[in-house]
Amino acid sequence: MNFLAPLAFAFAATIPVVVVFYLLKRKRTVKLVPSTLLWQKFLAESQASAPFQKLRHNGLLILQILLLLLAVLALSRPFFAGQAPGSQLRIVILDASASMQATDVRPDRFSLAREAALRLVDALKPGEQMMVLLAGANTVVKQSPTSDKATLRRALQECAPSDSPTRIADALKTAAAFTFEKRGEEEVAAAEIHLFSDGAVPGLEQFENKGLPLVFHQVGTGANNLGITALEARSNPENPAQRALYTGVLNASSNSLSTELQLLFDGQLLDARAITVGPGETQPQVFVTSQARDGVFTVRLEVEDDLAVDNEASVVSVLPQPARVLLVTRGNRFLEKALGAVPSARLTVAADLADPGRGFDFVVLDLVAPTVWPEVNVLAFAVSPTNWFERVRPVENPALVDWKSTHPLLRYTPFDNVGVSRSTVVESPGWGTSLLDCPQGALMVAGELGRQRLAWVGFDPLESNWPLRVSFPIFIANAVEWLNPATARTSQLSVRSGDPFQLAFADPVPTARIRLPGGDTRDLDVDPAHSEIVFGDTARRGTYRVTAGTNEVAFCVNLLDARESNIQPRAELNLGQYDKVEANVERQANTELWRTLTLLGLAVLMFEWWWYHKRTA
Amino acid sequence: MSNALLNPDLLRRLEQLQLLAARRSKSSARGERRSRARGQSVEFADYRNYVAGDDFRYLDWNLYGRLERLFLKLYEEERELPVRLFLDASESMTFGEPPKFDFARQVAAALGYIALCGFDRVSVIPFPSAGGRLQNAEGAQSAIRHPPSAIHNALRSVRGRKSASQFFQSLAALTAGGAASLNQSLRRAAIESRQAGVAVVLSDLLDPEGYEAGLNTLVGRGFQVNVVHILSPEELAPTTFGDLRLVDAESGDSREVTFGKYRLKAYQQTVQNFCARLREFCQSRGIHYFLARSDMDLGELILKQLRRAEVVG
């Protein structure tokens, strides 16, 4: 046992004072009474006359000295040293993800987590430091290491949860940077990480665990939540004049939940339907509606559940514009027919390209290396002399071994019945991904180079049986959709909360103003070289409106994250593949005893009081 | 005079009362109480055969006419009832407002008057005998006229209503003081008295040696004992609090006491226990016990409590 304030033992000098008080003779009023017979029970504590005889068998004196001793001991603040060496730095990570707004505990998970963190601040001992990290979509260092409790409290009070998914791994990496320090050859953990979270944190399986000294404080109890986890607006495949909205509703609770799902267009109710979602299920829902103008579709769940953020999602729906396509070819009927069959494409055919493709949305190069390279999006068939790849090699009868059917270009386009007689192959470049592979290299590459979308196919379709397969017209249709800048732009208008929003303007604008869902506005300076804005403050869900010069653009920020909507609290965290941390495995360090001593002292005081009256009454 | 002790209205009402004796008088002197002795009165008791020398005046001639045998008619002899009033005149009786001793004298006067009116022989026995001094307030003249022994004699064996005035005067001249041993005083008085009768003990009974032995002796001698236990209001509910040094008025002992209002209840409980023990002791020995506050109405005690207990009637 050690003492934090050993100087307090000086107070022990008060003990003789108590003894002296007992030795002093009390001044008493003399009263003549008929008889002392009735007063025998009320005699004062001691009738002894010798000073030190008085002190013998005097229970009250002993009790009072004991009380004083306890008080002095409490003032000296004794403590038992903990088994673990006390960390000099505590790193508090507050999970600020959307699921922390859940109200299954009062007032909400985040407030509880913050209270627990504040208690940790109270328990901070002199000389110890603490830092505060807020882990939302991005990790923010709210407070660098300090031992000033007031500053720490203020930093914690300023923390607020966001509507974004969690990226705890980033926060842990940041914390790890502060945790380890080199002592000689080995790295020693000099800090302790306290994670305050509900445990609904994805993405830690890949976390490289280096034996982080992590203490997990878990909050949250229930998971009564319905959430919208997907939303997309597209043309109705059966009737291109209509819009189809694909949405998914997740039930994270263990009971079946029924509610009403509403569809709104620019705030006006279009449709409502009653749905029942089984426990743990995700139910897809499709709304089909006509759309007369550009606007924002909102899907809303009319339900009172623990998490409100995911009960509403919005998407900007822009009316589809026909893509203006320039086909540069020496003649390819299959390609012409396939492009002409796409309803949203307006085809122009040319033999060569004299300008960079102005007036077109994208250019299809069929075996032609143009005189002027287009600045718009490009689909190129067997065009070798480009600066897109480092090396282009010819191959004969390549075996098609793998293709990426998840890429939007290759959706519903199987290559298992396609044979190619001659082709060129490349190593997949840094700007794109390989979509079709043979053992020698990539036959098809798609990606974005600068602000240009490029799709490159290494072989002439006429040197394969591909045009005869059903996958060819589908690929062409996919390509028109993917290369159409309007599509790209539309996909840019839906952002997951926490992700940056990016928008390029056709004409240079000096500034842009963004109105946030709450009504606040932010002004941004636009880089004149790029005339593009990047906006990162997308922590709040809702519709944002950008005004830049004459341009007015709306974009929507949604949570749309099944892992966040599933607010079931986890008692343990998986760190990496093998390690896990259980909730509340706190290390016991330096237990101070003064509270116990004070309580004991109070008990002694009350006993003394009771005894004094019991003895004499 | 008597006015100092009893008011005329009370006196008038007392005249209608008399002491009730549960037992027949054993006194040798003639009086108005029934006794076991045969003698001259109007109360017929029995017959017996005539023996030579009997007074012819008591022969029943009617019987002789019928039976031709001589019978003598016997009558109950009426004797007097000795009433002894044991008056505690120790220092402790001077306490209280009004003083307990004043109240005790009033009770003694009232009971004595009842007895005098009933032609009973009344004796007041103050104790301690040496402490029964003359009241200084009464002045030096009375001390000259009535030396202490004279007063004590005047209070002994008083009989007849005409002695009442003298009896009251002597009582009024008594004063309390000194230490007394209740047990010793009662025992000595019990042994000295030749005939048993009614005994009334007027005292606060606050004697460290106790009261049991004295009362036992009185009962043993055949007295019909009544105890009037007199306590002052201050003794029942003290009004002085704080750190006190209590000095015993009789023994001079001092005790240190810390007494607060919160302990008043405990003190009252002590007094109640003391009285309850006394009452229990008396009940087990056929003694009438009366608890009296020194500020209570005398009429209430005599006319109600003693009457209810059939001590007077």
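Chain A is the first sequence line, chain B the second, and so forth, proteins listed ahead of strands; every chain is numbered from 1.
Within a 6.0 Å sphere centred on CD of E304(A), other residues, nucleotides and ligands contribute 12 heavy atoms or fewer. Atom NZ of K304(B) has 12 or fewer neighbouring heavy atoms from other residues, nucleotides or ligands inside a 6.0 Å radius. Within 6.0 Å of the CZ atom in F281(B), the count of heavy atoms belonging to other residues, nucleotides or ligands exceeds 12. Atom CZ of F607(A) has more than 12 neighbouring heavy atoms from other residues, nucleotides or ligands inside a 6.0 Å radius.
The distance from the CH2 atom of W39(A) to the OG1 atom of T270(B) is 9.0 Å, given to the nearest 0.5 Å. Distance check, rounded to the nearest 0.5 Å: NZ of K31(A) to CG of L244(B) gives 7.0 Å. Separating the CZ atom in R245(B) from the OG1 atom in T29(A) is a distance of 10.5 Å, to the nearest 0.5 Å. Rounded to the nearest 0.5 angstrom, S35(A) OG and D207(B) CG are separated by 8.0 Å. One finds the CG atom of D248(B) at 4.5 Å from the OG1 atom of T36(A) (value rounded to the nearest 0.5 Å).
Contact of N273(B) with chain A is not made at all, since no heavy-atom distance falls under 4.5 Å. For F274(B), the part sitting under 4.5 Å from any heavy atom of chain A is the side chain, from C-beta outward, and nothing else. Neither the backbone nor the side chain of K265(B) comes within contact range of chain A, judged by heavy atoms closer than 4.5 Å. With a 4.5 angstrom heavy-atom cutoff, E234(B) touches chain A only via side-chain atoms. Of the two parts of L37(A), only the side chain, counted from C-beta on, holds a non-hydrogen atom closer than 4.5 Å to a non-hydrogen atom of chain B.
A pairwise comparison of heavy atoms in P34(A) and S92(B) identifies O-CB, 3.5 Å as the closest pair. Smallest separation of non-hydrogen atoms from V33(A) and L246(B): CG1-CD2, 3.9 Å.
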Could you list the donor-acceptor pairs under 3.5 angstrom formed between side-chain atoms of residues 64-76 of chain A and any protein atom two or more places apart in sequence or on another chain?
{"unit_1": "Q64(A)", "atom_1": "OE1", "unit_2": "Y22(A)", "atom_2": "OH", "d": "2.9"}
{"unit_1": "Q64(A)", "atom_1": "NE2", "unit_2": "Y22(A)", "atom_2": "OH", "d": "3.4"}
{"unit_1": "Q64(A)", "atom_1": "NE2", "unit_2": "E608(A)", "atom_2": "OE2", "d": "2.6"}
{"unit_1": "S76(A)", "atom_1": "OG", "unit_2": "L73(A)", "atom_2": "O", "d": "2.7"}

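R77(A) meets the salt bridge (Lys or Arg N to Asp or Glu O under 4.0 Å) test with E592(A); sequence neighbours excluded.
Ranking E250(B), E235(B), Q269(B) against chain A, the residue ahead of the rest is E235(B), based on heavy-atom pairs under 4.5 Å.
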